[in-house]
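Take a look at the structure set out below.
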Amino acid sequence: MPIHIYNTLTRKKEPFVPRDPGRVSIYVCGITPYDQSHLGHAVPSIIWDAIRRFLEYQGYTVHLVQNFTDVDDKVIRRAQETGENALDVSRRYAQEYLETMDALGVKRADVYPRVSQEIPAIISLVEGLLEKRHAYEVDGDIYFDVSSYPAYGQLSGQLLEELETGTRLAVDERKRNAMDFALWKSAKPGEPAWDSPWGKGRPGWHIECSAMALKYLGNHLDLHGGGVDLVFPHHENEIAQSEAYTGEPPFVRCWVHNGLLQVKDEKMSKSLGNYTPLSELLKEYSAAAIRFYVLSSHYRSPLQFSEEKLAEARRGWERLSAAVTNLQQLVQALKDLPETDGTDEKVPGLRELAEAVRFSRGKFIASMEDDFNTASGIAALFELARSVNTFADQMAEMGDAKKQESLPILEEALAVFLELGGDILGIIEPGLPGADSSELVEGLMDILITVRKRAREQKDWTTADFIRDELSSLGVVLEDSPLGTRWKL
RNA sequence: GGCGGCAUAGCCAAGUGGUAAGGCCGAGGUCUGCAAAACCUCUAUCCCCAGUUCGAAUCUGGGUGCCGCCUCCA
């Protein structure tokens with residue numbers, strides 16, 4: 001099955017065929033860095049991270065570009081409030097954004113272009129549009145003439161006439177058409193400005209994405225992403241100006257929009273002030289748990305946020321996560337077993353386990369191929385977790401030979417978790433519990449567990465429970481599984 | 001007013017024609033010295049109405065409710 005992706009432009013799932021075989025070009029609308037990042041910003045980052053990793057897993061070479069709109073009304077306003085230089089403000093928040101995304105395990109894009117660094121590309125794009133009479137100048141401002149581009153409205157399904165009558169803002173009298181939008185704004189005092197053929201000024205809002213996308217990814221990108229709130233007017237305008245400029249539609253082969261994060265039925269946004277900074281959330285929740293929460297619903301659905309929901313997601317994630325670390329420990333223990341001569345006897349449940357491994361991998365891949373259905377993919381991992389746990393429960397009664405016989409299948413199961421849940425979704429963290437603790441700690445834990453084991457053998461429950469309780473108060477949990485005692489922090 | 005989208009159990013959430021994945025919470029059970037973990041069992045006919053069909057959560061029409069966009073926003 002080829003990958004199918006829902007294309008906002010056609011409102012259908014379409015087979016994914018990249019322009020160049022084996023290579024995928026992706027442009028994702030980035031943030032306007034004027035304040036702290038919140039979960040709403042992380043949603044597209046996490047989603048696109050998963051998409052990108054999946055495409056790479058499938059063998060594609062991905063070229064990912066994500067911009068920073070660092071020259072913008074809000075950045076300027078913030079700078080004026082704090083008395084800073086606008087570019088210093090955006091640089092600081094852009095840096096914070098990148099660090100936060102790192103903390104969330106989001107792989108970096110190949111390029112993070114910034115408006116302030118791309119002025120020449122923007123100017124030449126505006127010049128081209130003027131030459132082709134898709135734009136006009138009024139007092140140092142340049143506007144895009146929407147009437148010059150007949151397909152305007154194709155992405156959002158809006159008709160130009162309807163848009164005009166529905167305009168909520170007072171229309172600038174100097175514009176030819178109410179929907180015309182600024183490509184270039186003449187300089188105002190105190191604002192960052194650059195020289196241009198039309199005097200000092202700065203780019204309008206939409207033009208930068210076209211300029212950067214065309215510059216870094218060419219005239220026909222494979223995928224262009226962003227939140228649904230950007231469909232109109234931002235992406236609509238991007239299409240108009242890009243295609244008017246290149247004369248080679250389509251600018252984008254497939255438009256991909258994610259649903260918005262909502263808080264109490266409103267979208268989370270800086271302007272509504274209903275957000276928790278990501279830096280705060282990351283103190284409470286692991287990156288993997290946050291990713292799990294975001295990826296446990298489909299990317300196009302709106303996602304309801306609340307601490308309770310995040311905490312609920314974390315409980316689910318913990319079970320999955322625990323299943324994997326237990327499996328890792330089990331595989332390790334089996335490898336340490338003394339050599340046996342093997343056995344001809346059938347290992348009960350092993351065939352079923354092998355089947356479950358095969359099924360889960362297949363279901364996961366098929367889910368991701370079907371419009372990146374991460375929710376369904378995660379379900380496949382849970383199903384495998386249960387199969388593995390069931391099998392592990394049965395292993396207590398097996399001899400060493402049968403246990404060793406099971407090792408290859410268990411390793412395969414582990415590989416499924418690590419590759420699909422780990423490498424692709426980033427919700428499974430490899431590494432055994434306490435793997436980062438010192439050898440001394442490891443050694444001491446072994447001693448404590450052995451002492452407790454001896455106490456239990458002599459039914460000295462007081463000593464056994466004392467060890468467990470004291471460790472517990474230090475945050476170390478002991479679990480007596482049929483295959484031995486394991487510990488975790 | 002216009003344009004998009006959504007509506008599945010107490011909660012979260014998959015599922016686009018064949019008789020409801022998965023997770024959380026809850027109840028009962030198995031295992032265990034106890035605990036924890038794990039496993040097993042149980043909990044929905046899919047917002048309403050009409051229609052198409054042998055058959056619909058899934059398609060069509062009409063309602064109702066909610067969200068997003070039309071102004072900066074991922």
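Throughout, protein chains are lettered first and strands after them, A, B, ... in sequence-line order, and every chain is numbered starting at 1. Here the structure is a predicted model, which is why all the values come from computation and not from measurement.
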Exercise for the section: Look at the side-chain N and O atoms of A:R386 and state whether any lies under 4.0 Å from the OP1 or OP2 oxygen of B:rC40. Expected result: yes

Practice task
Looking at every strand, decide which applies to A:Q394 at a 4.0 Å heavy-atom threshold: base, sugar-phosphate, or nothing.
Solution key: nothing

Practice task
Searching all strands shown, indicate the nucleotide that pairs with B:rA21 (Watson-Crick or G-U wobble; both distances under 3.5 Å).
Solution key: none

Handout entry: Nearest non-hydrogen partners of A:R53 and A:G105, listed with the distance
Key = NH2-O, 2.7 Å

Exercise for the section: With rounding to the nearest 0.5 Å, note down the distance linking CG in A:L221 to CZ in A:F251. Expected result: 4.5 Å

Practice task
For the pair A:F305 and A:Y293, name the ring-plane relationship: parallel under 30°, tilted 30 to 60°, perpendicular over 60°.
Solution key: perpendicular

Exercise for the section: Any strand is fair game: report the nucleotide pairing with B:rU41 by Watson-Crick or G-U wobble, both distances under 3.5 Å, or none. Expected result: B:rA27

Exercise for the section: Would you classify A:R456 as touching base, sugar-phosphate or nothing, given that sugar-phosphate means primed atoms plus P, OP1 and OP2, and contacts are heavy atoms under 4.0 Å? Expected result: base

Exercise for the section: With heavy atoms under 4.0 Å as the rule, sort A:K459 into base, sugar-phosphate or nothing. Expected result: nothing

Problem - A:T32 side chain near B:rA74 phosphate (N/O to OP1/OP2, under 4.0 Å) - result: yes

Completion exercise
Per atom distances to the A:R11 side chain, the nearest of B:rG4, B:rC24, B:rA74 is B:rG4

Fill in the blank from the handout: By nearest-heavy-atom nucleotide on RNA chain B, the more 5' of A:R468 and A:A385 is A:R468

Completion exercise
Scanning all shown strands, the Watson-Crick or wobble mate of B:rU52 with both distances under 3.5 Å is none

Practice task
Flag as yes if A:W461 stacks onto the base of B:rG33 (centroids under 5.5 Å, planes under 30°), otherwise no.
Solution key: yes

Exercise for the section: Answer with base, sugar-phosphate or nothing: what part of the nucleic acid does A:N373 contact at a heavy-atom distance below 4.0 Å? Expected result: sugar-phosphate

Exercise for the section: For the side chain of A:C29, starting at C-beta, report the closest nucleotide among B:rG5, B:rC67, B:rA74. Expected result: B:rA74

Exercise for the section: If the plane angle is over 60° it's perpendicular, under 30° parallel, otherwise tilted; pick one for A:F372 and A:Y299. Expected result: tilted

Practice task
Indicate, with a heavy-atom threshold strictly under 4.0 Å, whether A:S367 touches base, sugar-phosphate, or nothing.
Solution key: nothing

Practice task
Would you indicate what A:H257 reaches in the nucleic acid, counting non-hydrogen atoms under 4.0 angstrom: base, sugar-phosphate, or nothing?
Solution key: nothing

Exercise for the section: Ignoring hydrogens and angles, state whether a donor on the side chain of A:Q332 or A:Q328 is under 3.5 Å from an acceptor on the partner side chain. Expected result: no

Exercise for the section: Would you mind classifying the nucleic acid contact of A:L320 as base, sugar-phosphate or nothing, using non-hydrogen atoms under 4.0 angstrom? Expected result: nothing

Problem - Presence of A:R315 side-chain N/O under 4.0 Å of B:rC25 phosphate oxygens OP1/OP2 - result: yes

Practice task
Searching all strands shown, indicate the nucleotide that pairs with B:rA74 (Watson-Crick or G-U wobble; both distances under 3.5 Å).
Solution key: none

Exercise for the section: Anything under 30° is parallel, anything over 60° is perpendicular, the rest tilted; go ahead and classify A:H224 against A:H235. Expected result: perpendicular

Exercise for the section: Determine which nucleotide pairs with B:rC46, using a 3.5 Å limit on both distances of a Watson-Crick or G-U wobble pair. Expected result: none

Fill in the blank from the handout: Across every strand shown, the nucleotide meeting Watson-Crick or G-U wobble geometry with B:rG4 (both distances under 3.5 Å) is B:rC67

Practice task
Could you pick out which residue, A:A322 or A:L303, lies toward the 5' side of RNA chain B when each is mapped onto its nearest nucleotide?
Solution key: A:L303

Practice task
Identify whether any heavy atom of A:D73 sits under 4.0 Å from a base atom; if not, whether one sits that close to sugar-phosphate; answer base, sugar-phosphate or nothing.
Solution key: nothing

Exercise for the section: Just call it for A:G40: base, sugar-phosphate, or nothing, with non-hydrogen atoms closer than 4.0 Å on any strand. Expected result: base

Completion exercise
Out of B:rA14, B:rG22, B:rC69, minimum distance to the side chain of A:A379 belongs to B:rG22

Practice task
Return no unless some side-chain N or O of A:S301 is found under 4.0 Å from OP1 or OP2 of B:rA14.
Solution key: yes

Exercise for the section: Using a heavy-atom cut-off of under 4.0 Å over every strand shown, decide if A:G30 touches base, sugar-phosphate, or nothing. Expected result: sugar-phosphate

Problem - Any-strand Watson-Crick or G-U partner of B:rA57, both distances under 3.5 Å - result: none

Practice task
Using a heavy-atom cut-off of under 4.0 Å over every strand shown, decide if A:R452 touches base, sugar-phosphate, or nothing.
Solution key: base

Completion exercise
Between the NE2 atom in A:H41 and the CG atom in A:L278, the distance rounded to the nearest 0.5 Å is 9.0 Å

